[in-house]
Amino acid sequence: MNQKSNQYFVFFFVLGFIVFLFGCKRHYIREVNPNGTSVVVTKKIALVGFYPYQYSSYTSGRTTTTTATLNYEVPTHPGFQFGKPLDQIPSNGIDVTVPPERVKEFAMAYLTEVKRSGSKELDKMIEVKGSGDTSTFHLKSRDVDYYIVGIHGPAFDKENGVESVLQMLATFHVFILSGGTIPYWSTKAANTEFHIYDKNLNFITKKSYRNRYTVLSAWWGNENEGTFFKGTDPKFANKIYEPDVADFALELPSLIQK
């Protein structure tokens, strides 16, 4: 085989390899724990947040920047059996019994967790009067007993360094040699925090869930869940947090009756 033939071989091999990787789909393994327990909560609850992240990237020169923003299209609260999201509970003016300082503290705490894209959710709940240093924050009046804030994450999995490399070394070569039949394994973080406030935005308690789920990449995966290069499909992202939402629903009665 001459040099030119070698170049053609390498070119078509690399091209085929890229096409092969683009054709690989993902499958996520994180099941909801089955249970037959039913719980009853009679309090009126407003749900704040409960959104997974979505991602966008842009490239400038040799630098690619990826941004995470809340995905308002696929909330996780439909899987939560108690309460209603803010936009399904009518507001009636301003609740003057809640100090503006407390409302601002609540807003800043939420934005610290989810960053700027959380402003859209806060607009449903809080009215800001004035601007700059003279602005004041006011809670919109709703007939509720509690506010529950759902925060999913992390936006970026910073704890997956060594573990990810070890899994790649252990499975990627088998994945390639098998033509994508034996899956490439990796894990991702799925963390959720639920913060509970009373109707006057007094913080009551929080519940945290820290988990990792398994991601399989293979030609037989489910394209609706994501692909090898593009990652998780935004429309599927809420499914990853369903176990946290289900577990929290079972614990809620004990948390608000303390």
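The structure displayed is predicted, hence computed values, not measured ones. Values reported hereafter were calculated over all heavy atoms of this structure, with side chains retained and with hydrogens, waters and symmetry mates removed.
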Open item on the list: For K124, I'd like to know if atom NZ has over 12 heavy atoms of other residues, nucleotides or ligands within 6.0 Å.
Closed with: yes
- [ ] Answer yes or no: does atom CD of Q88 have more than 12 heavy-atom neighbours from other residues, nucleotides or ligands under 6.0 Å?
- [x] yes
Task: Residue of the set N191, D247, D244 for which side chain to side chain donor-acceptor pair (under 3.5 Å) holds with N211 - done: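 The residue from N191, D247, D244 that satisfies side chain to side chain donor-acceptor pair (under 3.5 Å) with N211 turns out to be D244.
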- [ ] State whether K239 and E242 are salt-bridged, where the test is any N-O pair (Lys NZ or Arg NE/NH1/NH2 against Asp/Glu carboxylate O) under 4.0 Å.
- [x]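 Yes, this pair counts.
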TODO: Describe, in one word, how the ring planes of F50 and H152 are oriented to each other, choosing from parallel (under 30°), tilted (30 to 60°) and perpendicular (over 60°).
DONE: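 The rings of F50 and H152 stand perpendicular, inter-plane angle above 60°.
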Side chain of [X], backbone of [Y]: donor and acceptor closer than 3.5 Å?
{"X": "T69", "Y": "S117", "result": "no"}
{"X": "Y51", "Y": "G150", "result": "no"}
{"X": "Y209", "Y": "A190", "result": "no"}
{"X": "R102", "Y": "N200", "result": "yes"}
{"X": "D145", "Y": "K44", "result": "yes"}

Task: Centroid separation F248 to F82 less than 6.0 Å - done: no
So do the side chains of [X] and [Y] get within less than 4.5 Å of each other, counting heavy atoms only?
{"X": "Y58", "Y": "T65", "value": "yes"}
{"X": "R142", "Y": "L86", "value": "yes"}
{"X": "D198", "Y": "I204", "value": "yes"}

Task: With F137 via ring pair (Phe, Tyr, Trp, His ring centres under 6.0 Å) - residues at least two apart - done: none
